[in-house]
J.: 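Would you mind keeping the following structure in view while I ask a few things?
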Amino acid sequence: MIFKEICFTKTRLDNQDAVKVVQRTMRYDSEITLEHGTRKINAKSIMGIVSMGLKGGDKLTVLAAGDDEKAAVEDIAALLTGMEG
């Protein structure tokens, strides 16, 4: 298992952004988790991501376990830190 701590940069995570995250995670076989505070959610769950209520400046951790874990963590971290708005 590997992880990367990031800072969410967009003003807020809306439903369209959550769909983008889930679609991107589906490219990977690894189990991908997002941690925010005390919450841990499956990053392949649209309801989980929406329920996190991410806002600009929030710190979160992207974790992955599996054969493609390194690529998964780097890709999802880049997606979440690169969102504009």
J.: Could I get the full list of side-chain contact (heavy atoms from CB on, under 4.5 Å) partners for Asp29, not counting sequence neighbours?
T.: Asp68
J.: Can you sort out the partners of Glu74 under salt bridge (charged side-chain N to carboxylate O under 4.0 Å, His left out), two or more places apart, ordered by chain and number?
T.: Lys4
J.: Measure the CG-CZ distance between Asp17 and Arg12 for me, rounded to the nearest 0.5 Å.
T.: 8.5 Å
J.: Report the distance from atom NZ of Lys20 to atom CG of Asp14, rounding to the nearest 0.5 Å.
T.: 7.5 Å
J.: For Ala71, check side-chain contact (heavy atoms from CB on, under 4.5 Å) against everything at least two apart and list the hits.
T.: Tyr28
J.: Going by the rule salt bridge (charged side-chain N to carboxylate O under 4.0 Å, His left out), which residues pair with Glu35 if we only count those two or more places apart in sequence or in a different chain?
T.: Lys40
J.: Taking all non-hydrogen atoms of both residues into account, name the closest pair between Val22 and Lys44 and its distance.
T.: CG1-O, 3.7 Å
J.: Work out which heavy atom in Cys7 is nearest to a heavy atom in Thr81; give both atom names and the distance.
T.: O-CG2, 3.6 Å
J.: Might you point out which heavy atoms bring Arg24 and Ile76 nearest each other, and give the distance in Å?
T.: CG-CD1, 3.5 Å
J.: Which heavy atom of Thr9 sits nearest to which heavy atom of Gly82, and what is that distance?
T.: OG1-N, 4.5 Å
J.: Give me the one residue out of Ile46, Leu79, Ile32 that meets side-chain contact (heavy atoms from CB on, under 4.5 Å) with Val21.
T.: Leu79
J.: Establish whether Met1 and Leu34 are linked, either directly or via other cluster members, by ILVMFWY side-chain heavy-atom contacts under 4.5 Å.
T.: no
J.: Could you list the donor-acceptor pairs under 3.5 angstrom formed between side-chain atoms of residues 50-64 and any protein atom two or more places apart in sequence or on another chain?
T.:
unit_1: Ser51; atom_1: OG; unit_2: Arg39; atom_2: NH2; d: 2.9
unit_1: Ser51; atom_1: OG; unit_2: Met47; atom_2: O; d: 3.2
unit_1: Ser51; atom_1: OG; unit_2: Gly48; atom_2: O; d: 2.8
unit_1: Asp58; atom_1: OD2; unit_2: His36; atom_2: NE2; d: 3.4
unit_1: Asp58; atom_1: OD2; unit_2: Lys55; atom_2: N; d: 2.8

J.: Going from NZ on Lys70 to CG on Asp67, what distance comes out if it is rounded to the nearest 0.5 angstrom?
T.: 15.0 Å
